[in-house]
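I have placed the structure first, in the form of structure tokens, so that the comments after it can refer back to it.
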Amino acid sequence: MRDSITGVRYFLRGMAWVARRPRQWLFGLIPALIVLAVYVVALVFLANYDWDLAKAMSPFADHWSKGARDATRGLIAVLLFGAAVMIAIVTFTAVTLIVGDPFYESLSGRVEESEGGLPPEVRVPLLRQLTRAIADGLVVGAVTTLFAVLFFVLGLLPAVGQTVVPVIAAFVSGYFLTFELTSIALERRGVRRRERFALLRRHRGLSLGFGVSVFVTFLIPLGSVLAMPGAVAGGTLLARERLVGPGIPPDQGAIAGTPA
């Protein structure tokens with residue numbers, strides 16, 4: 001419990017860091033706004049055809065009474081849109097970090113410099129960095145999509161689907177958000193994907209406290225955009241101070257050298 005609270009504090013520290021530096025906050029908003037515009041268009045399109053999709057997914061209800069048929073399809077439509085929103089929230093971070101890599105790399109570096117300096121540089125060609133970022137985004141996106149489908153199915157269960165499942169979904173989404181938001185600082189230290197997951201497993205309380213607080217904030221309208229720079233700053237502080245530490249050389253991480 002204490003680690004979870006500490007994780008929340010790291011998110012708040014990141015928000016405070018950008019609040020004291022409005023230019024950095026505005027700088028970090030640019031890629032988030034671009035991705036938001038694309039996601040809004042996609043969600044509006046889904047909202048317009050949500051009922052048609054629910055109808056196509058429930059041919060078994062064609063011969064039911066109108067009340068039962070509409071109630072079932074209404075529930076499917078709501079759960080379908082909810083699953084899309086969850087996917088959007090989780091993948092928003094990954095896509096925004098890919099689109100805004102130069103922005104957030106710079107922002108994360110300034111956070112580290114303000115806290116005592118950057119770690120020793122790991123020389124990785126730009127193309128390889130971009131390839132790794134895209135690969136990580138695809139892996140996390142695929143996994144979170146599978147979870148979203150699972151939660152969609154479980155959401156159909158009476159009572160449990162409307163109470164327990166959303167809580168579990170928040171924890172799973174938060175875990176992957178922490179993975180994405182700490183990736184810049186950990187990549188800077190040469191920590192690869194498998195090693196990053198191993199670090200998060202060993203610091204599960206911190207990871208969930210940080211990630212769930214980000215997830216809940218991202219549920220607020222425009223929260224995913226306005227809080228994105230602070231979330232990146234908080235993820236940098238979390239990675240720097242608790243996951244690896246500022247003084248650990250890039251080749252001496254938890255499982256350094258493990259291929260992704």
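Just the heavy atoms: all of them, side chains too, but no hydrogens, waters or symmetry mates, feed the values below.
- Residues Val111 and Val232 are not in side-chain contact: their nearest non-hydrogen atoms beyond the backbone lie 4.5 Å or more apart.
- In this structure, Val78 is not a member of the same hydrophobic cluster as Phe81, with clusters built from ILVMFWY side-chain heavy atoms closer than 4.5 Å.
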**Q.** Glu112/Arg189 under salt bridge (Lys or Arg N to Asp or Glu O under 4.0 Å): CA gap, chis, key distance, verdict
**A.** CA-CA 12 Å; Glu112 297 231 46; Arg189 291 163 170 79; 2.8 Å; yes
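- Leu36 and Val41 are members of different hydrophobic clusters when ILVMFWY side chains are connected at heavy-atom separations under 4.5 Å.
- Nearest heavy atom pair, residue Ala84 against residue Leu43, reads CB-CD2, 4.1 Å.
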Q. Would Trp51 and Asp70 satisfy side chain to side chain contact (heavy atoms under 4.5 Å, CB included), going step by step from the backbone distance to the final call?
A. CA-CA 10 Å; Trp51 183 263; Asp70 289 349; 4.0 Å; yes
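- A pairwise comparison of heavy atoms in Glu180 and Ser183 identifies O-OG, 2.6 Å as the closest pair.
- For the side chain to side chain contact (heavy atoms under 4.5 Å, CB included) test with Ser224, the passing option among Phe218, Tyr39, Phe215 is Phe218; the others fail.
- Nearest heavy atom pair, residue Arg69 against residue Asp62, reads NH1-O, 3.6 Å.
- Remark: aromatic rings of Phe45 and Tyr49 are close, center separation under 6.0 Å.
- Taking each heavy atom of Phe11 and Ala227 in turn, the nearest pair found is CZ-CB, 4.4 Å.
- Remark: side-chain polar atoms of Arg73 are not paired, donor with acceptor, to backbone N or O of Ala54 under 3.5 angstrom.
- Rounding to the nearest 0.5 Å places CG of Asp50 at 14.0 Å from NZ of Lys55.
- Checked against Arg110 for a side-chain hydrogen bond (donor to acceptor under 3.5 Å, both in side chains), the options Glu105, Gln24, Glu115 give a single hit: Gln24.
- Note that CZ of Phe197 is 11.5 Å distant from CG of Leu199, once rounded to the nearest 0.5 Å.
- Stacking of Arg13 on the aromatic ring of Trp17 is not recorded, the 6.0 Å distance cut-off and the 45° axial limit not both being met.
- To the nearest 0.5 Å, the span separating CG on Leu181 from OG on Ser207 amounts to 11.5 Å.
- Counting only distance, with no hydrogens or angles, the side chain of Thr217 and the backbone of Ser213 share a donor-acceptor pair below 3.5 Å.
- Under a 3.5 Å cut-off, the side chain of Trp25 and the backbone N or O of Arg20 do not form any donor-acceptor pair.
- The backbone N or O of Ala170 sits nowhere less than 3.5 Å from a side-chain atom of Ser173 that would complete a donor-acceptor pair.
- Hydrophobic clustering, with ILVMFWY side chains joined whenever heavy atoms are under 4.5 angstrom apart, groups Ile34 together with Phe103.
- Both Leu33 and Leu107 sit in one connected hydrophobic cluster of ILVMFWY residues. Membership requires side-chain heavy atoms under 4.5 Å apart, directly or through other members.
- For the pair Tyr104 (side chain) and Gly28 (backbone), a donor-acceptor distance under 3.5 Å is present.
- Tyr175 OH to Leu200 CG: the interatomic distance, rounded to the nearest 0.5 Å, is 5.0 Å.
- Among Thr93, Val18, Val35, the single residue meeting the side chain to side chain contact (heavy atoms under 4.5 Å, CB included) criterion with Met228 is Thr93.
- Here Thr182 contributes atom OG1 and Leu237 contributes atom CG; the two are 12.0 Å apart, rounded to the nearest 0.5 Å.
- A donor-acceptor pair shorter than 3.5 Å cannot be found between the side chains of Thr72 and Trp64.
- The neighbour count for Arg9 CZ, taken as heavy atoms of other residues, nucleotides or ligands under 6.0 Å away, does not exceed 12.
- The two atoms that bring Thr96 and Pro31 nearest to each other are CG2-C, 4.0 Å, heavy atoms only.
- In this structure, Ala231 and Phe210 approach most closely via the heavy-atom pair O-CZ, 3.6 Å.
- Without hydrogens or angle criteria, Arg196 side chain to Val191 main chain gives a donor-acceptor distance under 3.5 Å.
- One distance of note links CG of Asp3 with CZ of Arg242; it measures 6.0 Å at 0.5 Å rounding.
- Thr6 contributes a side-chain N or O that, together with a main-chain N or O of Arg2, makes up a donor-acceptor pair within less than 3.5 Å.
- By the rule that hydrophobic residues join a cluster once side-chain heavy atoms approach within less than 4.5 Å of another member, Leu53 and Ile76 end up as members of one cluster.
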